[in-house]
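Worth saying up front: this structure is predicted, and the values here are computed from it rather than measured. Keep in mind that the numbers below use all heavy atoms, side chains included, and drop hydrogens, waters and symmetry copies.
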Amino acid sequence: MTPLPLAVTTSTKTDVATVREARAVAQRWNLSFLPRRSSEGIAPWLGTKVDALLVVGGDGVTLWEPQGSFGFHAGMAHLRRMRLRQGQRDDAFLKVAEIVPGDAVLDCTLGLAQDALVASLAVGPSGRVVGLEKSLPLCIVAAEGLQRYDRGADSCAIEVIHADAHAYLKTLPAKSFDVVFFDPMFAKPKKAQPAFDVLRRFAEHAPLTPEAVEEGRRVARRWVVVKGARHTDDLRKVGIEPAPTSRFSDVIWGRVAALSL
């Protein structure tokens, strides 16, 4: 039997509420639900029944594959949001993007929503943040995690859409968002925890193209912002000059103005 690409099950805590929630996750994303006995391990399933599993439990939704697992967590975004709430306006993303309350931001490479979470606080409850994620497993982990995350009344909800960014941009009217943001996966990974290696295996690795940036410029009202890795020509490949940044930072930022239509 060919393994399912992706399915949903419960953690070892298989009470009625957890089963109900797991079934709801499977239904929301049109995936199969695999019942699990309380003492049953999932390791024998991986590579036989399924290629990967979304496990629903008390800690939310976790993605498992034979080499490891990862789940949603706010991570550094939580600290960045704390700094913003304390009145510190030195966040590199917000400075380059010039995001203000009431803005509409389109994150074309959502991942685990780190920058989207910061943007949701910066735009406030009157603003809008939409996140696009091409990888279905990552999209589900982010969407389900954000549903469970206590963002506070000072932040807008993040709308998560499973879509290829370039194709989705083509469907949007001109000047739909104030800021369009791209954070493509770095070609040369930094040293990271094993969970990030799992994330990389599911992430979209296609490089950002000048054509996608031009679509972003059409859709943006002010800026297209791109994040890249230091000591690479990631930004210049798409026609963007990197902005000055700290020499201690592992990333670089750049922006290009929206098209004048």
Side-chain angles (χ1 to χ4, degrees), residues 29-30 77 92-123 126-143 146 155-187 199-200 202-229 232-243 251-261:
W29 299 97
N30 196 28
F93 171 45
L94 300 184
K95 287 172 67 176
V96 173
E98 297 182 347
I99 294 172
V100 296
D103 272 354
V105 177
L106 178 64
D107 185 342
C108 292
T109 45
L110 182 66
L112 292 184
Q114 297 286 289
D115 292 302
L117 277 169
V118 176
S120 75
L121 177 57
V123 304
S126 64
R128 184 185 183 205
V129 176
V130 177
L132 309 179
E133 178 52 56
K134 185 175 181 179
S135 165
L136 180 60
L138 291 189
C139 185
I140 296 172
V141 170
L146 288 168
S155 302
C156 72
I158 299 171
E159 305 165 45
V160 179
I161 299 174
H162 176 225
D164 173 78
H166 195 177
Y168 188 83
L169 284 166
K170 291 180 178 180
T171 71
L172 294 174
K175 308 297 181 184
S176 300
F177 289 84
D178 295 289
V179 175
V180 174
F181 172 54
F182 294 95
D183 177 14
M185 181 65 70
F186 294 168
L199 184 152
R200 282 187 63 87
F202 285 92
E204 169 63 26
H205 290 274
L208 180 63
T209 65
E211 292 76 18
V213 172
E214 284 303 295
E215 280 297 327
R217 294 183 67 198
R218 182 186 64 81
V219 169
R221 289 190 279 265
R222 290 203 308 272
W223 301 112
V224 172
V225 174
V226 181
K227 183 179 180 180
T232 71
D233 57 355
D234 291 348
L235 269 61
R236 290 188 176 91
K237 283 180 179 178
V238 294
I240 296 177
E241 189 67 25
V251 301
I252 53 176
W253 300 84
R255 71 183 187 186
V256 61
L259 290 175
S260 298
L261 301 176

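Under the 30°/60° scheme for interplanar angles, the aromatic rings of Phe93 and Phe181 are found to be tilted.
Atom CZ of Arg221 sits about 8.0 Å away from atom CZ of Phe177, to the nearest 0.5 Å. Between Cys108 atom SG and Asp164 atom CG the span is 9.5 Å, to the nearest 0.5 Å. Here the straight-line distance linking atom SG of Cys139 with atom CG of Leu112 works out to 11.0 Å at 0.5 Å rounding. Here Phe182 contributes atom CZ and Thr209 contributes atom OG1; the two are 7.5 Å apart, rounded to the nearest 0.5 Å. Atoms CD and NE2, on Glu215 and His166 in that order, are 5.0 Å from each other to the nearest 0.5 Å. Atom-to-atom distance recorded for Leu110:CG and Glu159:CD is 11.5 Å, nearest 0.5 angstrom.
Minimum interatomic distance between Ile99 and Val179 (heavy atoms only, all atoms of both residues): CG1-CG2, 4.3 Å. For the residue pair Ile161 and Tyr168, the shortest heavy atom distance occurs at CD1-OH, 3.3 Å. Closest approach of Val180 and Ala220 over heavy atoms only: CG2-CB, 3.9 Å. In terms of heavy-atom proximity, Arg255 sits nearest to Val96 at NH1-O, 2.9 Å. Of all non-hydrogen atoms in Ala92 and Trp253, the two that sit nearest each other are CB-NE1, 3.6 Å. Of all non-hydrogen atoms in Leu94 and Ala122, the two that sit nearest each other are CD2-CB, 3.7 Å.
Considering only heavy atoms from C-beta on, Val129 stays 4.5 Å or farther from Leu117 through its side chain. Put simply, the side chain of Pro210 does not reach to within 4.5 Å of the side chain of Lys237, judged on heavy atoms.
Within the 3.5 Å criterion, the main-chain N or O of Ala257 finds a donor-acceptor partner in the side chain of Arg217. Under the 3.5 Å distance criterion, the side-chain polar atoms of Asp178 are matched with a main-chain donor or acceptor of Ala104. At distances below 3.5 Å, at least one donor-acceptor pair connects side-chain atoms of His162 with backbone N or O atoms of Lys134. In terms of modelled atom types and a separation under 3.5 Å, the side chain of Arg222 and the main chain of Glu98 share a donor-acceptor contact. Judged purely by atom type and a 3.5 angstrom limit, Arg218 uses its side chain to pair as donor or acceptor with the backbone of Leu169. For Lys175 (side chain) and Leu259 (main-chain N/O), a donor-acceptor pair under 3.5 Å exists by modelled atom type.
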task = Given side chain to side chain contact (heavy atoms under 4.5 Å, CB included), test Lys227 with Asp115 step by step and report yes or no.
result = CA-CA 11 Å; Lys227 183 179 180 180; Asp115 292 302; 3.8 Å; yes
Stepwise side chain to side chain contact (heavy atoms under 4.5 Å, CB included) test for Leu208 and Thr109 = CA-CA 10 Å; Leu208 180 63; Thr109 45; over 6 Å; no
